[in-house]
Structures are given as structure tokens and as C-alpha cells.
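Each chain gets a letter, A, B and so on, in the order the sequences are listed, and its residues count up from 1.
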Amino acid sequence: MRLDNMLLAEGVSGPEKGAASAAAAAVAAAAGGSPNDGSIEHSDYRAKLAQIRQIYHSELEKYEQACSEFTNHVMNLLREQSRTRPISPKEIERMVGIIHRKFSSIQMQLKQSTCEAVMILRSRFLDARRKRRNFNKQATEVLNEYFYSHLANPYPSEEAKEELAKKCAITVSQVSNWFGNKRIRYKKNIGKFQEEANLYAMKTAVDAASVSSQASQANSPGTPNSGTHSHM
DNA sequence: TTCCATGATTATCC
DNA sequence: GGATAATCATGGAA
């Protein structure tokens, strides 16, 4: 059922090697796919996955063996009993069925715990928090410029987010994260950010001044507009 | 090593 | 579905 599918998808069950790396690659892609990062971490991940896989298979084999041994045992018992009382093939069949069901429920548990192990491994290795990199200086500058020049309403539209993402070479969700963090942290401690706020206010003021002086002379101090639309 | 900054995730709310 | 608040986990300066 579901567990089987999951184990298959993770490359734990299913064909030998290769599946593991395919799963790792798929997982990396799902995790957001940084273009050029830790092959070391991935090989580590693969090694751990292979370990889980090996344990899973050896346990599975053990269970299968135990199952067939036990079945044989029961069959022998029944055969012995058949000397003293009549035993129908139906009864034997039913017994075998019961045994198999019992063992498959044990296997289910094995699958479940294997799934859990894989999930833990995944979260340990692929949780993005574990490989956080600060954005580069220029990116934070761009984001801060936007934030402080829209301090009254620091909620960039979807298009604005896309543009910021492009400018900063990050994803739109990273932009959203950044603004989410910034808003809450700013609100919590406005004092701490005062200096930064002044800095960026000045910067945008200088920008505006240079732009307006470059354009012409007619300007009003409160133009709520910084239309920089660069489509590529 | 410690401590703060920071990006990401999670739970919860609307 | 996006925003907020709390929290996690790491980077990097002190």
C-alpha cells in the first residue's frame, strides 16, 4: 500500500544501486535544488540511506525465512496430526493463510519503522535550515531598500516579489521569507533598526535627488513612486 | 566558544 | 493562500 510506494520512491525497496542516487537526486530537486552544493553531504546521505536499505532487506529476508520455516513446521505438525484425525486441505490452507497474514503484519511494522528512519534521515540532511547561507550584500541591500522605502506598507505584490527575486538572484519564496522575517523583527524592535532605517532613507533620498537632477528640475518631495521596471 | 544575526520551517490565524 | 509569531539551526563576529 502506501508504505510500499514510499519505500520504493525512496529507493529502499526496489532495484539495487542507482535507485538510491536517483532518489537522492529527486529529493534534492524537491528540496529546492541549490545548483552547486555539497556532494559530500549527498554521498553521506546516500551512505546512510544504503545502510537503512541494507538493514531493511536483511530483516525482510529474515522474516521471510522465519515465515517459511514456521509454515513448514506447522505443516509437519498437521501431517502428524492427520494420522490421528482427518485434516482437510482447506484447513491446511487456512492455517497457512493465518501464518502469512501474521508475518505480513510484522513486515508492515518493519516497513513502517524503515519509513520513519528514512523520513528522519531526510529531514536531518535536507532541511534547508541546516545549510542556510546568508544572502550576498547586494541582495540584502536591494531588499532593505525596498523595505524601508515602503515602510508604511512593506508588502510587495507578487510582481514586486518576482522582480526583487530576479534582482537578488534568489527565489520568490526566499523574498517572502525575507519580508516576513523583516516585518516581524522590525516591528518587535523598531529602535534597533532605526539606524538602518535612516541609512536607507538617506540612500533612497540621494538616489531620488540624483535621478531628478538628471531628469530635469521639476520635482515634488513626496512622490510615492519609484518606478523601475526592467523587463528582461 | 559564545552570542547575536539571519534564513527557513512550523503552527496558527484570518 | 498569505501573514504573523515562535522556533529552529547555522553563519560569523567577538
Least distance between heavy atoms, Ser176(A) atom then Lys161(A) atom:
OG-NZ, 3.2 Å

Using modelled atom types only, decide if a donor and an acceptor are shared between the side chain of Ser88(A) and the backbone of Glu91(A) within a distance under 3.5 Å.
yes

Would you tell me if any nitrogen or oxygen in the side chain of Lys182(A) comes within less than 4.0 Å of OP1 or OP2 on dT6(B)?
no

Examine Met95(A) and Leu77(A) and state if one hydrophobic cluster contains both, with Ile, Leu, Val, Met, Phe, Trp and Tyr joined whenever side-chain heavy atoms are less than 4.5 Å apart.
no

Send over the distance from Asn153(A) CG to dA3(C) P, rounded to a whole Å.
11 Å

If only side-chain N and O atoms of Gln174(A) are considered, is one of them under 4.0 Å from the OP1 or OP2 phosphate oxygen of dG7(B)?
no

Rounded distance (Å) that lies between atom C1' of dC4(B) and atom NZ of Lys188(A):
14 Å

Give a yes or no on whether a salt bridge exists between Glu59(A) and Lys62(A), defined as a side-chain N under 4.0 angstrom from a carboxylate O.
yes

Could you list, one pair per line, each protein nitrogen or oxygen that sits under 3.5 Å from a nitrogen or oxygen of nucleotides 11-14 of chain C, together with the distance?
| from | atom 1 | to | atom 2 | distance (Å) |
| --- | --- | --- | --- | --- |
| dG11(C) | OP1 | Arg133(A) | NH2 | 2.4 |
| dG11(C) | O4' | Arg132(A) | NH2 | 3.4 |

Starting at CH2 of Trp178(A) and ending at P of dT9(B), how long is that distance when rounded to a whole Å?
18 Å

Whole angstrom is fine here: how far is it from CZ in Arg183(A) over to P in dA8(B)?
14 Å

Over all strands shown, is Phe179(A) touching base, sugar-phosphate only, or nothing at heavy-atom distances under 4.0 angstrom?
nothing

Whole angstrom value for the distance that separates C1' of dG7(B) from CZ of Phe147(A):
16 Å

Flag the pair Phe147(A) / Tyr200(A) as yes when their ring centroid distance falls below 6.0 Å, and as no otherwise.
no

Figure out the NZ/P separation between Lys137(A) and dG7(B), and round it to whole Å.
14 Å

Pair Asn144(A)-Lys203(A), side-chain donor/acceptor within less than 3.5 Å:
no

Classify the ring geometry of Tyr146(A) against His150(A): parallel below 30°, tilted from 30° to 60°, perpendicular beyond 60°.
parallel

Whole angstroms only, please: what is the OH-P distance between Tyr186(A) and dG7(B)?
18 Å

Test item: Gln174(A) side-chain N/O and Thr171(A) main-chain N/O as donor-acceptor pair under 3.5 Å
yes

Toss me the dot-bracket line for DNA chain C: Watson-Crick and G-U wobble, both under 3.5 Å, 5' to 3', using | for pairs to another strand and [ ] for crossers.
||||||||||||||

When you match Arg185(A) and Gly180(A) each to their closest nucleotide on DNA chain C, which lands nearer the 5' end?
Gly180(A)

Identify which nucleotide among dA5(B), dT7(C), dA3(C) has an atom closest to any side-chain atom of Lys161(A), counting heavy atoms from C-beta outward.
dA3(C)

Nearest-neighbour nucleotide for the Ile184(A) side chain, dA5(C), dG7(B), dA6(C) considered
dA5(C)

When the distance from CG of Leu143(A) to P of dG7(B) is rounded to whole Å, what number comes out?
8 Å

DNA chain C nearest-nucleotide lookup for Asn181(A) and Ser176(A): closer to the 5′ end is Ser176(A)

Of all heavy-atom pairs between Pro154(A) and Phe179(A), which one has the smallest distance, and what is that distance?
O-CD2, 3.8 Å

Mind listing the closest non-hydrogen atom pair of Leu60(A) and Leu110(A) along with its distance?
N-CD2, 3.8 Å

